[in-house]
Amino acid sequence: MGNSQAFPRTARVTSAGEYRRVFQNSQCKSSDRWLTVLALGNGLGHARLGLAISRKAEKTAVGRNRVKRIIRESFRHHQDELNAWDLVVIARPGVAAQSRSALQAALAKHWTRLQRTCVES
RNA sequence: GGAGUCGGCCAGACAGUCGCUGUGGCGUAAGCCAUGGAGGAAAGUCCGGGCUCCAUAGGGCAGGGUGCCAGGUAACGCCUGGGAGGCGUGAGCCUACGGAAAGUGCCACAGAAAAUAUACCGCCUACGCGCUUCGGCGCCGGUAAGGGUGAAAUGGUGCGGUAAGAGCGCACCGCGCAGCUGGUAACAGGUGUGGCAGGGCAAACCCCACCCGGAGCAAGACCAAAUAGGGGAACAUUGGCGUGGCCCGCGCUGUUCCCGGGUAGGUCGCUCGAGGUGUCCGGCGACGGACAUCCCAGAUGAAUGACUGUUCUCGACAGAACCCGGCUUAUCGGCCGACUCCCCUU
């Protein structure tokens, strides 16, 4: 994996089937008013990230891109602390109105909470 | 200096660190190096084309679109130039701007009457009654000048004419028709002629002219786990079934021969193009031509971001998804050019 800050394609949930697997069998869940994170062990030895930002959650493409970038950035910085899970982050209406720093703080909380409550997979 | 009209342009800049992605090079590989990486609207999907498949797309009907003229274009509902009408002191701007003496239909309220025409108040002669006359009443009629209604009332103004009036006659204006002149044309000008044809609505049906096959990159082509629905070619074309909205037409079902199939997933399509830039030539212009030069996103859970620093005018609307040409809508600020009106100074 080389650099621990990198975010290559292997660290992403890519296919529709993998998304379905996480949605249907998720073992753990951490959520607040704006974001929900689902987790499911993947047996790969590293974590992978998937994003589910619907048109309903944010109307404009620019807003959705912004939310995705913030989440990816946070995942990139925290992936070393995470177990071998497939994580799917779901956004809810109103996320785009939140500031970058607020979302980053919320995400950091989600990562540590999952790490604490969902150790065995 | 102020107010305004038209056209064009920019869409924070620079540096460092971390990260994503296309291409090229090196490397067994991990990776490293170089280089490219959202918009003027990428948007709405409202038009037009390319491309792909469907069925050979041909004919007719139906349906839809466009609508002053000419040109540009691959094409257009776009653009350019011109005409007509309207608005503005002006630079300029706006216009579904063909046909209502083909047909059908509609025209609230008010008004006598809204299109077959007609006559409410009026105006006027003759006749009768009454009467000294003027005038009055009744009545056969003649009128459409005046009043009143309305968004709109059967050409307008003036003079003549008349009982009163009337294109009844004349002049000018308007309108129709026929020549003429200019213009490719729309149209304009002018001449003669007709006494006037007879309201509006065609974003009501309609008529006329021109145009339009359907579906869309989740098109479509290829490689292929699973799992067992079939597929292709030739022949025949009666019946049955299906197929653009319908008909003609066309396809399937039938017989024979041949054969592995094609969902998850992947690859291609996928970016060199009606391409950009510069110079010259043709054209009032849209645009066209020649030469030179450049390669300028191609992702696929979907990349172009984060942090720090410096600086300024403190940064709007907003994110490519097959590709182009338009239109429309959103948008913080700012810059450039041409022109108009008003004021001041010399």
Side-chain angles (χ1 to χ4, degrees):
Chain A
M1 253 348 270
N3 199 315
S4 65
Q5 300 280 288
F7 183 54
R9 193 154 297 283
T10 50
R12 302 178 197 180
V13 180
T14 52
S15 72
E18 289 168 344
Y19 272 90
R20 214 176 306 121
R21 199 175 68 90
V22 175
F23 279 120
Q24 287 172 358
N25 309 311
S26 64
Q27 296 164 326
C28 308
K29 182 171 129 171
S30 171
S31 63
D32 61 23
R33 205 164 150 209
W34 313 114
L35 298 166
T36 297
V37 184
L38 301 177
L40 175 65
N42 61 15
L44 288 175
H46 58 86
R48 297 196 302 179
L49 176 69
L51 298 166
I53 320 290
S54 71
R55 216 180 150 74
K56 226 183 204 170
E58 169 54 32
K59 216 174 76 228
T60 70
V62 171
R64 286 194 296 278
N65 278 343
R66 178 172 159 273
V67 172
K68 288 179 194 171
R69 282 164 186 157
I70 293 167
I71 296 170
R72 280 200 210 98
E73 193 70 11
S74 175
F75 177 83
R76 192 164 73 78
H77 285 120
H78 291 89
Q79 59 185 325
D80 275 3
E81 311 156 15
L82 297 167
N83 289 346
W85 289 319
D86 279 349
L87 300 159
V88 174
V89 180
I90 302 161
R92 297 193 181 166
V95 257
Q98 301 306 299
S99 73
R100 175 176 292 281
S101 54
L103 286 175
Q104 279 175 335
L107 282 161
K109 218 157 74 186
H110 286 308
W111 305 139
T112 53
R113 189 192 297 163
L114 283 170
Q115 197 62 24
R116 196 174 62 242
T117 59
C118 201
V119 181
E120 288 307 311
S121 56

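Here is how names work: the chains are called A, B, and so on, in the same order as the sequence lines, proteins then strands, and each is numbered from 1. Bear in mind the structure is a predicted one, so any value in this text is a computation, not a measurement.
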Suppose you measure atom [atom1] in [N] against the same atom in [M]; what distance do you get, rounded to whole Å?
N	M	atom1	value
B:rA290	B:rG283	C1'	16 Å
B:rG22	B:rU279	P	39 Å
B:rC121	B:rU104	P	35 Å
B:rA75	B:rC208	P	28 Å
B:rC9	B:rA286	P	14 Å
B:rA166	B:rG156	P	11 Å
B:rU304	B:rC296	C1'	15 Å
B:rA34	B:rG309	P	27 Å

[N]: pairing nucleotide in any strand, Watson-Crick or G-U under 3.5 angstrom:
N	answer
B:rU157	B:rA171
B:rG63	B:rC212
B:rU340	B:rA3
B:rG90	none
B:rA34	B:rU23
B:rC307	B:rG16
B:rG282	B:rC287
B:rU181	B:rA188

Could you classify [N] for me, syn or anti, using a glycosidic angle within 90° of 0 as syn?
N	result
B:rC33	anti
B:rG49	anti
B:rG72	anti
B:rA38	syn
B:rG229	syn

Rounded to whole angstroms, how far apart are [atom1] on [X] and [atom2] on [N]?
X	N	atom1	atom2	answer
A:Arg48	B:rG301	CZ	P	12 Å
A:Ile70	B:rC20	CD1	C1'	16 Å
A:Glu73	B:rU17	CD	C1'	12 Å
A:Ile71	B:rG305	CD1	P	17 Å
A:Arg76	B:rA306	CZ	P	12 Å
A:Ile53	B:rG301	CD1	C1'	10 Å
A:Glu58	B:rA318	CD	P	10 Å

Comparing A:Gly50 with A:Arg66, nearest RNA chain B nucleotide closer to 5' gives the residue A:Gly50
Across the strands shown, which category fits A:Arg100 at heavy-atom distances under 4.0 angstrom: base, sugar-phosphate, nothing? sugar-phosphate
Below 3.5 Å between N/O atoms, which protein atoms pair up with nucleotides 302-304 of chain B? Just atom names and distances, please.
| from | atom 1 | to | atom 2 | distance (Å) |
| --- | --- | --- | --- | --- |
| B:rA302 | OP1 | A:Arg12 | NH1 | 3.3 |
| B:rA302 | OP2 | A:Arg72 | NE | 3.2 |
| B:rA302 | OP2 | A:Arg72 | NH2 | 3.0 |
| B:rA303 | OP1 | A:Arg72 | NH2 | 3.0 |
| B:rU304 | OP2 | A:Arg69 | NE | 3.0 |
| B:rU304 | OP2 | A:Arg69 | NH2 | 3.0 |

Would you say A:Arg64 reaches B:rG319's phosphate, i.e. side-chain N/O to OP1/OP2 under 4.0 Å? no
Can a donor-acceptor pair be found, under 3.5 Å and without considering hydrogens, that links the side chain of [X] to the backbone of [Y]?
X	Y	value
A:Arg64	A:Glu58	yes
A:Thr112	A:Ala108	yes
A:Thr117	A:Arg113	yes

For side-chain contact (heavy atoms from CB on, under 4.5 Å), just list the numbers for A:Phe23 and A:Ile90, CA-CA rounded to whole Å, side-chain angles, deciding distance to a tenth of an Å, and then say yes or no. CA-CA 10 Å; A:Phe23 279 120; A:Ile90 302 161; 3.6 Å; yes
Point-to-point distance, once rounded to the nearest 0.5 Å, from [atom1] of [X] to [atom2] of [Y]:
X	Y	atom1	atom2	answer
A:Arg72	A:Arg12	CZ	CZ	6.0 Å
A:Cys28	A:Arg116	SG	CZ	12.0 Å
A:Leu82	A:Phe75	CG	CZ	6.5 Å
A:Arg92	A:Leu35	CZ	CG	8.5 Å

Residue pair A:Trp111 / A:Ser30, side-chain donor-acceptor N/O under 3.5 Å: no
Please assess A:Trp85 against A:Gln115 for the test side-chain contact (heavy atoms from CB on, under 4.5 Å), listing each intermediate value before the final yes or no. CA-CA 10 Å; A:Trp85 289 319; A:Gln115 197 62 24; 3.6 Å; yes
